[in-house]
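The structure presented is a predicted model; accordingly, all values stated were derived computationally and were not measured. Order of the sequence lines fixes the chain letters, A, B, ..., with proteins taken first and strands second; residue numbering starts at 1 for each chain.
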Amino acid sequence: MKKLFFPLLAVFFVLSAIAHYAHMNTVFQFVVSAIAVVFVAGFLGKSTEAVSHYAGQRLGGFLNATFGNAAELIIAIFLVKEGLFEMVKASLTGSIIGNLLLVLGASAFAGGLKFKEQKFNVHLAGQNASLMLLGVIALFVPAIFVKTEHIGGTDAFRMSEIVSGLLIVAYIGWLIYSMITHKSFLEDHADTQAAHGEVPTWSKSRSILFLILATVMVAFVSEWLVGTLHTFTADYGMSELFVGAFIVAIIGNAAEHSAAIMLAMKNKMGAAVEIAVGSSLQIALFVAPVLVFVSLLFAEQMDLIFTTVEIAAIAVAALITTSVSRDGSTTWYEGKLLLIVYIMLGVAFYFI
Amino acid sequence: MKKLFFPLLAVFFVLSAIAHYAHMNTVFQFVVSAIAVVFVAGFLGKSTEAVSHYAGQRLGGFLNATFGNAAELIIAIFLVKEGLFEMVKASLTGSIIGNLLLVLGASAFAGGLKFKEQKFNVHLAGQNASLMLLGVIALFVPAIFVKTEHIGGTDAFRMSEIVSGLLIVAYIGWLIYSMITHKSFLEDHADTQAAHGEVPTWSKSRSILFLILATVMVAFVSEWLVGTLHTFTADYGMSELFVGAFIVAIIGNAAEHSAAIMLAMKNKMGAAVEIAVGSSLQIALFVAPVLVFVSLLFAEQMDLIFTTVEIAAIAVAALITTSVSRDGSTTWYEGKLLLIVYIMLGVAFYFI
Amino acid sequence: MKKLFFPLLAVFFVLSAIAHYAHMNTVFQFVVSAIAVVFVAGFLGKSTEAVSHYAGQRLGGFLNATFGNAAELIIAIFLVKEGLFEMVKASLTGSIIGNLLLVLGASAFAGGLKFKEQKFNVHLAGQNASLMLLGVIALFVPAIFVKTEHIGGTDAFRMSEIVSGLLIVAYIGWLIYSMITHKSFLEDHADTQAAHGEVPTWSKSRSILFLILATVMVAFVSEWLVGTLHTFTADYGMSELFVGAFIVAIIGNAAEHSAAIMLAMKNKMGAAVEIAVGSSLQIALFVAPVLVFVSLLFAEQMDLIFTTVEIAAIAVAALITTSVSRDGSTTWYEGKLLLIVYIMLGVAFYFI
């Protein structure tokens with residue numbers, strides 16, 4: 001099986017590329033690109049793990065989250081250009097709650113079935129909680145002021161820009177803090193020990209190269225797969241909001257998903273948390289505000305005012321994730337709790 | 001005094017039975033059954049403690065919570081059958097906040113006056129917090145989606161059923177987790193030590209038998225007492241919501257109440273927390289969803305959409321309880337805080 | 001520089017007194033009293049530190065918070081007398097969020113730049129969190145019941161009085177708990193050690209005398225400065241709400257502000273937290289409810305129903321402060337987070 005991995009990866013990647021560019025039958029496109037996603041996600045998982053070996057779990061996780069979100073950012077910019085702000089916000093919402101509840105939930109559940117309790121840096125868990133809260137506050141404050149005090153037109157846009165600027169400042173500060181001034185403070189102490197037991201398959205530079213390559217492949221395959229969804233939703237009568245927030249987000253995060261689960265099952269919960277939580281923080285504190293500024297380049301401006309149910313969903317996801325992860329450890333049942341909340345939100349969005 | 005306990009228990013139990021079935025004067029019915037409640041609650045407390053001695057604090061607390069709620073479940077089913085959904089939801093709300101704020105608050109306060117700091121398993125406190133949050137989310141999500149996105153009719157019922165199903169799945173998972181896979185992980189380490197110092201009065205089988213007997217007696221006396229309230233509320237002009245959420249809930253939980261306080265005063269805070277928090281979790285995650293499915297057997301279907309103030313009250317109770325208990329210890333002042341919030345909610349409900 | 005401190009303090013205090021009572025040009029009044037505030041705040045900081053040396057960090061912080069708020073209480077009583085309830089509530093709101101976000105944020109940031117991690121008593125942090133939550137609940141519960149259930153007129157006033165009474169009971173309990181029954185439980189253990197290294201400049205009685213004198217001077221200068229603001233806001237077109245909640249609150253808390261930062265930079269984070277959090281707790285749990293009762297002496301009665309955005313702002317401030325401080329330690333980045341949320345709220349209030 002291991003020997004066949006790379007040939008199969010190549011075959012399905014090329015097949016789904018052909019299916020996409022030759023505008024073949026949508027069902028065929030969907031099937032081959034769905035299979036391809038499994039392989040490229042697996043590839044990304046392996047590369048992240050290899051890089052984690054050299055860079056430590058947290059930097060590896062950060063790189064994985066960043067490369068994963070780069071793809072999402074590019075897709076979102078195209079949507080912003082076409083003024084599809086509702087769909088952008090729905091998919092950002094879906095991405096945040098998908099990472100927090102589905103990716104982290106599945107990781108904690110799968111890892112928890114193998115290990116009684118999986119620990120990670122408790123300081124990091126605390127900081128993650130504060131940053132998630134900042135993201136929720138940044139969505140909640142403008143929305144409640146705009147809705148309650150009838151702030152309108154230019155002022156709502158101006159407020160969105162300032163809040164977006166503050167979020168980017170907060171995120172850059174976080175990178176300086178977590179990667180430079182308080183690097184070791186937030187590190188998993190089990191890190192170095194865990195690494196000792198393993199022999200890396202790839203060299204350092206090959207690992208990095210493969211991580212970049214895998215990310216690019218994930219971006220392409222995700223886009224091809226997302227392209228087939230429109231037909232499917234039309235046939236099955238699901239709302240665009242549900243498709244944007246759940247179907248697109250699940251597939252768009254398939255890579256993070258499988259990488260995080262794989263790491264959790266190897267008891268590297270710190271890296272899994274970094275991928276899941278780090279990725280949603282990046283979307284809330286960096287991708288979303290950047291899109292607000294990017295929209296200034298185009299015809300129509302996008303604000304940062306999300307709908308009540310989107311803010312509620314993000315707040316709920318942040319709260320339960322914080323409650324579960326704050327003590328710096330997870331168990332299978334805590335993973336199950338996150339998954340149940342995810343299904344609950346999915347059901348609620350489905351009925352809109 | 002100790003010698004007179006069982007004779008007095010028998011006398012007042014029989015007296016209130018006669019008063020009830022012979023339809024005597026309501027004031028007389030109220031007085032005798034109120035006195036009887038004190039004795040049967042004391043009996044339940046003794047039995048719980050005896051069973052706790054053999055079963056450990058947590059299992060003893062769970063049994064106590066379950067037997068206590070069985071009575072409530074039966075009463076609620078009769079209300080559902082008659083389509084009195086508002087009163088059912090009000091009494092469920094009252095039961096949840098009564099257990100979290102009044103029972104836990106009084107236990108922590110009374111116990112805290114004797115002991116400077118009372119500790120219990122910190123993992124259990126964290127898991128309880130996550131489960132309380134799940135209960136709040138399960139009430140909040142359907143309500144906000146139904147109210148904001150105008151989801152109506154069949155869809156609201158369908159959503160209630162799915163959310164109820166998920167809660168039951170979560171609760172069963174919790175039982176497996178806390179009683180089987182992570183039993184010792186969530187146990188009070190002081191447990192065994194504390195037990196050493198005491199000599200049990202009753203044998204294991206007698207303790208269990210008495211626990212069941214006490215529970216049945218509590219169920220009967222509670223119902224007789226509740227039956228007299230209608231006349232009283234009519235005379236004193238209190239709203240049915242207030243009576244359901246406060247008077248009924250206080251009397252209905254009198255047993256849990258006195259059992260928990262008695263345990264707290266013997267420094268068995270772990271068992272007191274299990275009774276108080278465990279009981280409200282059981283209502284939110286098991287009794288309420290079961291009632292949604294039970295209603296399918298009758299003429300009219302009940303949804304899981306609580307009113308805004310009910311959800312607010314439950315959320316407030318869950319938040320302050322979590323804040324107070326999260327660190328796995330309580331003091332007298334933390335108990336006082338819970339009691340103050342309880343009075344605040346009581347006042348607010350009174351003015352509706 | 002050190003030698004010139006007291007002469008300059010005296011000069012600017014007298015100058016701003018003359019400018020105020022001789023009704024000089026408003027810009028001149030503003031400039032001299034703004035400079036005077038810097039000196040009297042510095043004086044208050046020095047005195048607090050001297051008293052802290054003798055009394056321990058926590059009692060010193062409490063005294064500082066109390067003297068600081070005494071001034072605010074007096075000003076607020078005059079506003080209540082004139083029926084300016086909106087402005088009173090806005091300035092109470094501003095004072096709470098200013099203390100939690102600006103004062104604590106700047107302290108943690110400034111202290112964190114010098115020290116990698118600054119620790120303080122973790123029990124105290126937990127209790128502070130519960131008390132902040134109580135303050136939020138006390139504002140949230142009456143507001144949501146009044147708005148959702150249409151409780152009006154006399155009942156809203158009655159509910160405000162009862163809730164206010166409960167808050168005062170809670171606050172007095174807190175003083176008994178934190179100063180008497182659980183004093184050492186909540187103390188910084190680093191306290192005594194830190195004190196050893198320093199030689200106090202002033203004697204015990206002189207320190208106390210100076211603390212009282214400094215507080216009185218702060219009260220006067222703050223009032224003179226606030227008096228000049230009306231002209232400024234009229235010219236710059238800022239809303240009264242923004243001026244009340246931000247400009248007045250920042251200047252009114254300048255003393256707490258500089259005292260807390262100075263202590264944080266000397267690694268006495270426990271005292272800084274006590275000033276910042278203790279001060280906002282005192283406003284929420286004591287000053288605000290006292291004003292409700294004080295209003296009964298005047299023509300018009302004040303209720304405790306704050307506006308939605310005020311409650312939202314206080315809730316947001318309490319949540320992020322709790323998230324950051326709960327673990328009993330702060331870093332520069334956590335300080336920055338608080339400052340960012342403060343700016344966010346300031347921007348939102350500005351756009352109303």
Novice: Counting heavy-atom pairs under 4.5 Å with chain B, which one of A:Thr307, A:Thr308, A:Thr331 comes out on top?
Specialist: A:Thr331
Novice: Tell me, for B:Val169 versus chain A, whether the close heavy atoms (under 4.5 Å) come from the side chain, the backbone, both or neither.
Specialist: both
Novice: Side chain, backbone, both or neither: which part of B:Ile151 has a heavy atom under 4.5 Å from chain A?
Specialist: side chain
Novice: Side chain, backbone, both or neither: which part of B:Ser130 has a heavy atom under 4.5 Å from chain A?
Specialist: both
Novice: Is chain A contacted by the side chain of B:Thr322, its backbone, both, or neither, given a heavy-atom distance below 4.5 Å?
Specialist: neither
Novice: Report yes if the side chains of B:Gln127 and A:Glu334 come closer than 4.5 Å at any heavy-atom pair, otherwise no.
Specialist: yes
Novice: Quick check on A:Lys116 against chain B: is it the side chain, the backbone, both or neither that has a heavy atom closer than 4.5 Å?
Specialist: both
Novice: Where does the angle between the aromatic ring planes of B:Trp174 and A:Tyr333 fall among parallel (under 30°), tilted (30 to 60°) and perpendicular (over 60°)?
Specialist: tilted
Novice: Using a 4.5 Å cut-off on heavy atoms from C-beta on, say whether the side chain of A:Asp327 contacts that of B:Val122.
Specialist: no
Novice: Which heavy atom of A:Met344 sits nearest to which heavy atom of B:Val141, and what is that distance?
Specialist: O-CG1, 4.4 Å
Novice: Does any backbone or side-chain atom of B:Ala138 lie under 4.5 Å from a heavy atom of chain A? Answer side chain, backbone, both or neither.
Specialist: both
Novice: Please find the pair of heavy atoms, one from A:Ser323 and one from B:Leu133, that lie closest to each other, and give the distance.
Specialist: CB-CD2, 3.8 Å
Novice: If you look at every heavy atom in A:Ile320 and B:Ile137, which pair is closest and at what distance?
Specialist: CB-CD1, 4.1 Å
Novice: Counting heavy-atom pairs closer than 4.5 Å to chain A, which one of B:Gly126, B:Ala170, B:Ala129 comes out on top?
Specialist: B:Ala170
Novice: Roughly how far, to the nearest 0.5 Å, is the NE2 atom of B:His182 from the CD atom of A:Glu117?
Specialist: 7.0 Å
Novice: With a 4.5 angstrom heavy-atom cut-off, could you sort out which part of A:Tyr350 is near chain B: side chain, backbone, both or neither?
Specialist: neither
Novice: Would you name the heavy atoms of B:Ile162 and A:Val347 that are closest together and state the gap between them?
Specialist: CG2-CG2, 3.6 Å
Novice: Compare every heavy atom of B:Gly173 with every heavy atom of A:Trp332, then report the nearest pair and how far apart it is.
Specialist: CH2-O, 3.7 Å
